[in-house]
Amino acid sequence: MNGMNCKTFLDKISFFIDKEMKPEELKEFELHLKECGQCRELLLNMEENENIIREIPLLPAPSVSEINSKDRIKNSIPSRFSFSPRTLAVAFSLILIFIFALNLLISNTADNGNDNNSPSPATPSYSRNPSSPADTLITISSGGSSPDDSPSAYALALNDKEYEFRIEGEDVRLISLELSDGENSISLSLDENQ
Amino acid sequence: MKDSSFSLESLYQHHGEKIFNLCYRMTGNYHDAQDITQEVFIKVSRKIHTFREDSTISTWLYSIGVRSCIDHFRMKKSFTNLITRLWDDSFNKRNQPDPETRFIHKSLGMEILNRLSPRERAILLLKNYLGFNYDEIGKMMDTTSNSVGVELNRIRKKILKFKNNEGDERNELQNIS
């Protein structure tokens, strides 16, 4: 009984195929080969594969003139940063496409920006200081029953909602009022003298 | 045998066919093999003065050949090169092999090589096709001779596995038909 098992055989099989095995290992290897049919078959299969690769037909090499002449000649070894004209052409095309796409993107962004500045009646807007008339969606009207009456009742329309408030007292000339719906608030100043 | 006796033409006559076929087996592409072969001999002509006689000229030459092929695979991965190759494939029909090459390309041997990584191909071909010993292959691939044996073992098991799977698939196809 020899000391080599199938696993050791398999680990050493290339050294045997390539005749690189140490003489002391070779004896054990050959002994195992005689005894183990499975390992024998494995070796045969591996050797068959080697022959398949070895027998790939040889192609005739290009002639010296073909290697040395015409358009195939390269006068120098291409350095890491040198590019063929074809590569340069492709890179140039890519840069052009990139610039075009960037230009398109920028013009689209500009259009969207303009759209945002236009008035949108559907969007509610509250402003404490309605400097732009487009933002003012608040109207206040006097609720007095006759023109001679002092205006004591007012109607406030804030977008689609209507609020009503009343002012008590005759000497009131200046009123400050703050309305809030929980999320947004607005303050109003009414000067009767104006 | 030093610099003066190494004319590029004589080197090509002696080793050109083997280098070219090594490149073809490595790349699986006739035109790439031509390009790399040309590149190898240009490198050789430029570096001939650096050749030291502690290795043989063939070891030195094939080591340049194998490295050039591995570099070719690295280059192929780069984005610019991918675009360039797409351009080539689309417009120049560069990768259409002639009938003889197509026949070889479809051989089982090439199919097996195609399943291996560039480094695995290089090690296997240096042994199987060019017949270098483990020590020489180790020097060419910057590794030890023992590691070459271990790597070859792994490569051969991989091939065996691939062939067994292929066999199973063929049997299945036969059973279906």
Side-chain angles (χ1 to χ4, degrees), chain A residues 7-22 25 41-78 80-81 83-94 97, chain B residues 8-9 12-13 15-21 24-25 30 33-35 37-39 41-43 46-47 80-81 83-84 86-88 92 100-101 103-104 107-113 124-125 127-129 131 133-135 145-146 148-157 159-160 162-164:
Chain A
K7 190 189 173 299
T8 320
F9 180 92
L10 203 61
D11 289 342
K12 294 284 174 188
I13 201 162
S14 274
F15 292 83
F16 179 79
I17 293 173
D18 299 324
K19 299 180 176 62
E20 296 267 353
M21 197 166 250
K22 290 170 192 162
E25 284 177 328
E41 201 187 322
L42 196 79
L43 178 67
L44 281 176
N45 283 338
M46 278 196 180
E47 283 177 337
E48 190 194 337
N49 293 343
E50 289 299 296
N51 287 334
I52 289 171
I53 295 165
R54 207 171 286 128
E55 283 164 8
I56 297 171
L58 281 177
L59 283 169
S63 63
V64 181
S65 55
E66 203 176 346
I67 286 286
N68 270 333
S69 65
K70 51 180 188 175
D71 60 334
R72 297 187 58 75
I73 190 101
K74 291 172 188 169
N75 292 324
S76 61
I77 303 163
R80 188 179 290 251
F81 299 107
F83 299 102
S84 70
R86 199 186 297 115
T87 309
L88 283 175
V90 174
F92 185 66
S93 315
L94 283 176
I97 292 168
Chain B
L8 199 62
E9 218 170 287
Y12 189 76
Q13 274 166 2
H15 302 281
E17 191 178 66
K18 277 207 164 181
I19 287 278
F20 172 72
N21 276 281
Y24 179 70
R25 280 155 176 72
Y30 187 87
Q34 266 189 324
D35 286 347
T37 304
Q38 185 194 31
E39 200 181 303
F41 281 93
I42 289 167
K43 279 182 187 171
R46 291 205 153 198
K47 290 182 178 178
T80 321
N81 205 274
I83 300 286
T84 313
L86 281 174
W87 182 290
D88 280 346
N92 298 345
E100 188 193 0
T101 315
F103 168 74
I104 295 169
S107 69
L108 182 58
M110 287 303 290
E111 211 177 314
I112 289 171
L113 289 176
L124 186 66
L125 288 170
K127 181 70 233 172
N128 174 299
Y129 170 61
N133 63 37
Y134 284 7
D135 200 38
S145 58
N146 191 58
V148 172
V150 173
E151 277 201 66
L152 275 167
N153 233 10
R154 193 176 43 78
I155 294 164
R156 283 168 176 152
K157 282 182 202 169
I159 294 171
L160 213 58
F162 157 69
K163 277 230 7 234
N164 286 344

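In the text below, chain A, chain B and the rest are named by the order of the sequence lines, each starting its count at 1.
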So for [X], is it side chain, backbone, both, or neither that comes closer than 4.5 Å to the heavy atoms of chain A?
X	result
B:Tyr134	both
B:Lys18	neither
B:Asn21	side chain
B:Ile112	side chain
B:Arg154	neither

Pick whichever of [options] has the most heavy-atom pairs under 4.5 Å with chain B.
options	result
A:Asp18, A:Leu10, A:Asp11, A:Asn45	A:Asp18
A:Arg54, A:Glu20, A:Met46	A:Glu20
A:Asn51, A:Ile17, A:Leu42	A:Ile17

Checking A:Glu48 against chain B: side chain, backbone, both or neither under 4.5 Å from a heavy atom?
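Contact with chain B: side chain only.
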Chain B heavy atoms under 4.5 Å from A:Lys12: which part of the residue, side chain, backbone, both or neither?
backbone
Any non-hydrogen side-chain atom of [X] less than 4.5 Å from a side-chain atom of [Y]?
X	Y	result
B:Tyr12	B:Thr37	yes
B:Asn146	A:Phe15	yes
A:Ile53	B:Arg25	no

Can you tell me how far apart CD1 (B:Ile155) and CG (A:Asn49) are? Round to the nearest 0.5 Å.
13.0 Å
Do B:Lys127 and A:Glu50 meet the salt-bridge criterion of a basic N to acidic O distance under 4.0 Å?
no
Leading residue by heavy atom contact count with chain A [cutoff under 4.5 Å; candidates B:Ile19, B:Leu160, B:Ile159, B:Asn128]
B:Asn128
Looking only at heavy atoms, the pair that brings A:Pro60 and B:Glu17 closest together is CA-OE2, 4.1 Å
Below 6.0 angstrom between ring centroids: does that apply to A:Phe16 and A:Phe9?
no
Do B:Ser145 side-chain atoms and B:Asp135 backbone N/O form a donor-acceptor pair below 3.5 Å?
no
